[in-house]
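Single-structure report; data block below.
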Amino acid sequence: MPYGLRMKRFAWALLLAVPAPLPAQAPAEPPPIAVDLQVAALRDAALKDDYAWDITEGLTTEIGQRLAGTEAEARARTWAVAKLRAMGFSNVRIEEFPVRTAIRGTESAEILAPFPQHLVVNALGNSASTGPAGVTGEVVAFDNVDALRLAPESAIRGKIVFVDHRMTATQDGIGYGQFGAPRRQGPTIASQKGAIAIVIRSIGTDHNRTPHTGVMSFDNGARPIPAGALSVPDAEQLMRIVKRGKPVTMRLRLESQPIDGTSGNVIAEVPGRDPSLPPVLVSGHLDSWDLGTGAIDDAAGVAIAAAAAKRIMDAGRPLRTIRVVWFGSEELGLFGGLDYRARYGKLPHHALIESDFGADRIYKVDSKLGAARREEARMIGAALAPLGIVTGSFEKADGSDIGPMLADGQPGIGLNQDGTRYFDLHHTSNDTLDKVDIEQLRQNVAAWTATLAILSGGIEPGPKPSRAKQR
Ligand SMILES: [Zn+2]
């Protein structure tokens, strides 16, 4: 018998012989919670929801890619206003703000020596343009951003930097922060050390020849240089070539045309019975990258938020106003969230929620409603448990556009989706409608509907249309 096990048996014997007295102040078990019948019925009915699929399918089909600041994003706003009005929402409006973006041009990466061949590349957001001639230089490769940071300028000046990483898939997507460093910090460091361009291994977890774009910025006065993402198989190919030990020459062409454009948030409401109460904000972002059709990022998100609000509206009038916000220009730097915050961030909100992590099933609910609202948070946990959703933290909530307002102290809920395959598709040409699983999408809507039914403070049957109203 292993020593550890023997000791355990010994300990058990002691415990049996001498029952330990309970500590004087044992933490009380929280009382059981009964889920409101109306909440449960709304939740279960939402498992047959078609509103979210209808929005996701419509937006990705009739608009497709909708890069912030472009004419396509403007068409998406017009589409959104018509859709939300047709669904019966009130106070449907667009709130515009200016953004600077860039139109993608011709893009290519070519190894000229020692083994001539083409690689698949896409420019990152805010990349400088190479112009039609492209740039040609020797490749200097790094395993990660720290290795780039430690390298002497003399090793980098005049060269094309390549930065690798080892991001792998996780349920909560935790790797995106750390392993996203080649994209977020690599271009600035490479530029400051005199590189003529940078290519990174795509910040993704797939092995398809679909590069992952994404925004980055040149900080601390760094001069913009061309910056691209190789697909993961192409990045691995480049690393194998580099490891052969011969000088590697690459010609990189990343053409882009900067434009000053207009973006905007689309806002719609389900008016509450008591307009003096702070609203519940449900959201996603309307813009997408320009490679796929932005199905999982984030047509599904705006669809989930609006579908849940619509289901409450269909059931009657909530106590609190539900405000649906489809943010613009999330991908370029959370500009929609910042514009909303500038206009309304000082006003209290009952809760903020955002869906921006695909459309796969929700597995955990976090909340940050404050100690005084613990019962409400527990109620949400109990209502979601039948959907297989575990109650996580009572001290945190996150979201992309709503992040700054949550950091300001606004209360929020985090309905966490399974992100295991999210970074296979994120910001690629492969982010298309066929990746959305309707059964999982419905589970999302069911969770959001139940959450919203609780947060909005109880739904009463809508007023019957009166003669006065009909006139
Ligand atoms: Zn997104």
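Atoms within a ligand are numbered from 1 in the order they appear, just like the ligands themselves.
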Measure from the Zn ion (ligand 1) to each N, O or S atom of Asp297 and report whether any distance is below 2.8 Å.
yes
Can you tell me if an N/O/S atom from Asp356 lies under 2.8 Å from the Zn ion (ligand 1)?
yes
Would you tabulate the side-chain donor-acceptor contacts of residues 76-86 under 3.5 Å, counting partners in other chains and residues two or more places apart, or write 'none'?
from  : atom 1 : to     : atom 2 : distance (Å)
Arg77 : NH1    : Glu73  : OE1    : 3.1
Arg77 : NH2    : Thr262 : O      : 3.4
Thr78 : OG1    : Ala74  : O      : 3.2
Trp79 : NE1    : Glu62  : OE1    : 2.8
Lys83 : NZ     : Asp54  : OD2    : 2.6
Arg85 : NH2    : Val92  : O      : 3.2

Which pairs of donor and acceptor atoms, one on a side chain in residues 384-395, lie under 3.5 Å apart (sequence neighbours left out)?
from   : atom 1 : to     : atom 2 : distance (Å)
Ser393 : OG     : Glu395 : N      : 2.8
Ser393 : OG     : Lys396 : N      : 3.4
Glu395 : OE2    : Arg374 : NH2    : 3.4

Between Phe423 and Tyr176, is the ring centroid distance below 6.0 Å?
yes
Are any N, O or S atoms from His426 nearer to the Zn ion (ligand 1) than 2.8 Å?
no
For the pair Arg253 and Glu107, find out whether any cationic side-chain nitrogen is under 4.0 Å from an anionic carboxylate oxygen.
no
